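First up is the structure itself, then whatever we jot down about it.
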Amino acid sequence: QVQLVESGGGLVQTGGSLRLSCAASGGTFIWYVMGWFRQAPGKEREFVATINRSGGTTEYADSVKGRFTISRDNAKNTVYVQMNSLKPEDTAVYFCAAKHGWSVSTGSKEYDYWGQGTQVTVSS
């Protein structure tokens with residue numbers, strides 16, 4: 001069973017950048033497709049980005065496409081999301097997730113393991 005710990009959240013002004021990290025332990029990292037999701041107050045958890053095992057395939061939510069970049073370092077058992085041009089509507093708790101299998105997925109129910117989340121707040 002893999003454990004996931006997110007870091008890198010914080011308070012940033014509109015237009016700023018943050019890089020979130022998610023460190024995995026307790027499993028073989030390269031066996032997992034990784035994803036980032038977020039949940040704003042009073043809203044459902046929503047897909048942000050996903051990356052396949054090798055890092056060669058990625059997919060993004062339309063709301064973040066062109067601004068966010070997901071990547072992974074399999075040697076460091078870590079997945080990242082670089083977030084640029086942040087907007088107040090990006091404010092949410094961001095969760096890292098891992099799923100068995102080969103295919104990327106945008107559905108939260110497809111993911112088997114979740115981190116505790118890290119808060120991102122974008123001020124206007």
Side-chain angles (χ1 to χ4, degrees):
Q1 182 169 342
V2 64
Q3 290 81 46
L4 303 172
V5 179
E6 302 95 336
S7 61
L11 174 65
V12 64
Q13 291 185 333
T14 296
S17 298
L18 283 174
R19 188 177 81 155
L20 305 184
S21 300
C22 172
S25 61
T28 304
F29 184 66
I30 199 168
W31 289 355
Y32 297 96
V33 170
M34 302 299 296
W36 286 97
F37 292 78
R38 66 187 182 186
Q39 189 167 18
K43 294 188 176 182
E44 297 286 318
R45 188 171 298 188
E46 66 174 2
F47 166 74
V48 174
T50 181
I51 188 166
N52 72 341
R53 294 183 178 188
S54 68
T57 299
T58 58
E59 192 168 336
Y60 297 91
D62 287 343
S63 59
V64 307
K65 204 170 292 184
R67 300 188 297 121
F68 289 15
T69 303
I70 188 171
S71 61
R72 64 190 294 163
D73 186 335
N74 288 336
K76 295 183 177 180
N77 293 349
T78 303
V79 63
Y80 308 95
V81 60
Q82 176 68 42
M83 307 187 296
N84 298 329
S85 302
L86 283 161
K87 305 174 182 180
E89 50 263 46
D90 294 318
T91 295
V93 177
Y94 283 71
F95 297 90
C96 170
K99 67 177 288 287
H100 296 285
W102 292 93
S103 301
V104 296
S105 173
T106 64
S108 61
K109 293 183 179 180
E110 300 289 322
Y111 287 78
D112 303 291
Y113 307 105
W114 292 83
Q116 293 300 307
T118 185
Q119 176 71 47
V120 171
T121 303
V122 184
S123 64
S124 56

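As the structure is a computational prediction, the values presented were derived from the model and not from experiment.
Among residue pairs with one or both ends in residues 40-68, those qualifying as ring-ring contact (aromatic ring centres under 6.0 Å, His included) are F37-F47; sequence neighbours excluded.
R38 pairs with exactly one of E44, E89, E46 by the salt bridge (charged side-chain N to carboxylate O under 4.0 Å, His left out) rule, that one being E46. Just one of I70, V81, V104, V33 meets the side-chain contact (heavy atoms from CB on, under 4.5 Å) condition when paired with I51; it is I70.
Two residues are said to be in side-chain contact when any heavy atoms from C-beta on lie closer than 4.5 Å; P88 and T14 meet this criterion. Side-chain contact between Y32 and D112 is absent, with no heavy-atom pair separated by less than 4.5 Å. Side-chain contact check for R45 versus W114: some heavy-atom pair is nearer than 4.5 Å. Between D90 and M83 the shortest side-chain heavy-atom distance does not fall below 4.5 Å. Using a 4.5 Å cut-off on side-chain heavy atoms (C-beta onward), D73 and Y80 make contact. Looking at heavy atoms from C-beta onward, T50 lies in side-chain contact with Y111 at the 4.5 angstrom threshold.
Distance check: H100 NE2 to R53 CZ gives 9.5 Å after rounding to the nearest 0.5 Å. Interatomic distance, SG of C22 versus OH of Y94, reported as 15.0 Å (0.5 Å rounding). If you take CZ on R19 and OG1 on T69, they are separated by 11.5 Å, rounding to the nearest 0.5 Å. The distance from atom CG of N74 to atom OG of S54, rounded to the nearest 0.5 Å, is 8.0 Å. Between the OG atom of S124 and the NZ atom of K87 there is a distance of 14.0 Å, given to the nearest 0.5 Å. Note that OG1 of T78 is 12.5 Å distant from CG of L20, once rounded to the nearest 0.5 Å.
Here the closest heavy-atom approach between residue L4 and residue C96 is recorded as CD1-O, 3.8 Å. Closest heavy-atom contact between A24 and V2: CB-CG2, 3.8 Å. When all heavy atoms of Q119 and A92 are compared, the pair lying nearest together is NE2-O, 3.4 Å.
With sequence neighbours excluded, no residue forms a salt bridge (Lys or Arg N to Asp or Glu O under 4.0 Å) with E59.
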Checklist line | Derivation of the side chain to side chain contact (heavy atoms under 4.5 Å, CB included) call for W36 and V79 | finding: CA-CA 9 Å; W36 286 97; V79 63; 3.9 Å; yes

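The pair D62-K65 meets the salt-bridge criterion, with a side-chain N (NZ, NE, NH1 or NH2) lying under 4.0 Å from an Asp/Glu carboxylate O.
At least one donor-acceptor pair under 3.5 Å links the side chain of T91 to the backbone N or O of V122. At distances below 3.5 Å, at least one donor-acceptor pair connects side-chain atoms of R72 with backbone N or O atoms of N52. Between the E6 side chain and the Q116 main chain, a donor and an acceptor come within less than 3.5 Å of each other. A donor-acceptor pair under 3.5 Å is formed between the side chain of Q3 and the backbone N or O of Q1.
F95 and L86 are not part of a single hydrophobic cluster, where members link through side-chain heavy atoms under 4.5 Å apart.
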